Amino acid sequence: MKPQPLRGFRDYLPEDMLAKERMLDTVRAVFESHGYPPVATPALEYAELLLGKYGDEGEMLMYRFRDNGDRDVAMRYDLTVPLARLVATHGGLPMPFRRYQIAPVWRAEKPAKGRFREFVQCDVDLVGVDDASADAEMLLIGQDVLRSLGVASVRQRVNHRGVLRAITRVLGLAEGEEEGDFLRLLDKLDKIGAEKFRAAFAERFPAAGDAGAQRVLEIAGGEAPPRETLARLEGMIGQDPDGAAAIERLRGTLDRVEAGGSLDLIEVDPSIARGLSYYTGIIYETFLGDLPEYGSVMSGGRYDGLVGMFAGRDLPAVGISLGVDRLFAALLELGSLEVRRTPSEVLVVQFSEEGSVDAFRLAAALRSAGISVLVHPQAAKLKKQFQAANALGIPFTAVVGRDEAARGTLQLKEMGSGEQVEVDVAEAVRRIRAGVEGEGR
RNA sequence: GUGGGUGUAGCUCAGUUGGCUAGAGCGCCAGAUUGUGGUUCUGGAGGCCGAGGGUUCGAGCCCCUCCACUCACCCCA
């Protein structure tokens, strides 16, 4: 058979992983700056534990099989349900409980642009608090992460399940199937446009009719400033108790986001629905302004019932999930990631077979100064060794020849400019550090 | 999962109405008198033409099946 990975799975070569790991370093730093520590959970869980949490769609897409002990197991589908299980398993955790987790999840979907069957999620969740402050905290962490990654243009689209419930009720639609169909149609509004929405709505919900469609279109203007959208929403669903509560909560959330971050990135968009069935309150999705076709790169919401399903007591929770692989693929396409093939800053040339020990001595000295050093793997023609440095994109080369060994010096060459100086180790360290910083790393 | 498109060298692609040993550019390897790279020049390696079957005297070109990639729908990070 052809040596290739499974459909929807991918290899990451060194230049990919260097960039991706640097991304993750940033993500970790931001999460921890907000007071969140990491956890890890197993890739496999009992299938029973995951079933019934994602809706029918989700269950179809789960990797599920019998293990060697004939246990019914499944690969984790997200990091949220394992978190709920973790909280229940370790009953004595102090509340509120905060954690982040960066790990792969598996979904047997049909692969597409920016969509894989194995992908890394970065989740931040806060368990035990039902408050606008917690909701706002998630949006703020999300803004912070993307800003730190250098993503300039983003749209955070925010909605609330209570808003959706109220709209459904105001339109006089039945709960269950009718509601589900409506939410699916509503979710597509952005894509299909107002006219098609109107037609599809009238056809599916003749009782609500064209007037119903019109009412939806009046409040679904996601492009407007968030507080304006909220005010219009209030006009439609303010009389509904769930609707009023949701609007109140969103107002409180927006106040805090404005104070702690940027309200400009936020759109209140009553048309986003989110597929996962466990959400109960605020929900959000984040799109790149320059590459919306990649879909949501960061999303999440409040899920107050989920932890209780495992823990036996109600624990509210809210979280956000960053899709690293999708974001990574998008940033690659935007060319906003620096591509390097090696972590090394300097290549030490092996001048000759006898001079080999000088190269190793120099490499050790440079490394002890915290510099990433590659020693050419054999004494070869100097030309070959310099070419090797270029091929790997290493910015400096260092040569200790017979003369330099006698003088206790080395030839340090900056490959970009071709400038070469004879210096001692301490000076070489200084110059390499300065050169590397000069490149803006 | 449903429909459309595409699979020729590591990469991007040519390949005439089916017709001898399948091409280019880039990349890769080796040289151009032996303490210095990027440019240039010379030479070289590398393709069961996605896989399997069929039609034909003859298939990279036509037909069928499968696999992979891709676009739309669906859903989603």
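What you see is a predicted model, and the numbers here were worked out from it, not measured in a lab. These numbers come from the heavy atoms of this one structure, side chains and all, not from hydrogens, waters or symmetry mates. Order of the sequence lines sets the chain letters (A, B, ...), proteins ahead of strands, with each chain counted from 1.
Taking the ring centroids of A:F9 and A:F116, they lie at or beyond the 6.0 Å cut-off.
Minimum interatomic distance between A:T41 and A:R76 (heavy atoms only, all atoms of both residues): O-NH1, 2.8 Å.
Applying the 3.5 Å distance criterion, the base of B:C76 shares a donor-acceptor pair with the side chain of A:R326.
Contacts of A:G355 with the nucleic acid, taken as non-hydrogen atoms under 4.0 Å apart, are absent. As judged by a 4.0 angstrom heavy-atom cut-off over every strand, A:E109 is placed among the base-contacting residues. Residue contacts shown for A:D325 are absent, as no nucleic acid heavy atom lies under 4.0 Å away. Using a 4.0 Å heavy-atom criterion, one finds that A:Q385 contacts no nucleic acid atom at all. In this structure, A:M298 reaches the sugar-phosphate backbone alone: every heavy-atom distance under 4.0 Å involves primed, P, OP1 or OP2 atoms, never a base.
Nearest-nucleotide assignment on RNA chain B puts the 5′-proximal partner with A:E404, out of A:E404 and A:V324. Along RNA chain B, the nucleotide nearest to A:G295 and the one nearest to A:K413 differ in position, and the one closer to the 5' end is contacted by A:K413.
Look at A:S296 and you won't find any side-chain N or O under 4.0 angstrom from OP1 or OP2 of B:C76.
Under the 6.0 Å distance and 45° angle rule, A:R326 does not count as a cation-pi partner of A:F119.
When distances are taken from the side chain of A:Q387 to each of B:A30, B:G37, B:A77, the shortest belongs to B:G37. Checking B:C71, B:G38, B:A77 against every side-chain atom of A:N390, the shortest atom distance belongs to B:G38. Considering only the side chain of A:K110, B:U2 comes nearest among B:U2, B:U36, B:C69.
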Take A:D72 and A:F65 through the side chain to side chain contact (heavy atoms under 4.5 Å, CB included) test and state the conclusion after the steps. CA-CA 6 Å; A:D72 184 11; A:F65 53 94; over 6 Å; no
Report the C-alpha separation of A:D125 and A:Y303 in whole Å, then their side-chain angles, then the decisive distance to 0.1 Å, and conclude whether the side-chain hydrogen bond (donor to acceptor under 3.5 Å, both in side chains) test is met. CA-CA 10 Å; A:D125 292 83; A:Y303 48 100; 2.5 Å; yes
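Taking atom CD1 of A:I320 as the reference point, atom P of B:A77 lies 11 Å away to the nearest angstrom. One can place CG of A:L392 at 13 Å from C1' of B:G37, the figure rounded to the nearest angstrom. Put simply, NE2 on A:H376 is 15 Å from P on B:U36, counting in whole angstrom units.
A distance cut-off of 5.5 Å between ring centres, combined with a plane angle under 30°, leaves A:F351 outside any stacking arrangement with the base of B:G35.
To the nearest 0.5 Å, atom CG of residue A:D304 and atom OG1 of residue A:T280 are 4.0 Å apart.
Consecutive Watson-Crick or G-U pairing (both distances under 3.5 Å) extending over three or more pairs maps onto RNA chain B as B:1-7 with B:67-73, B:10-13 with B:23-26, B:28-32 with B:40-44, B:50-54 with B:62-66.
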Between N or O atoms, less than 3.5 Å apart, protein on one side and nucleotides 32-34 of chain B on the other: list the pairs.
none

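A:D123 and A:S321 share a donor-acceptor pair across their side chains, judged by distance under 3.5 Å alone.
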Pairs of donor and acceptor atoms involving the side chains of residues 390-401 of chain A, under 3.5 Å and at least two apart or interchain, shall be tabulated with distances.
none

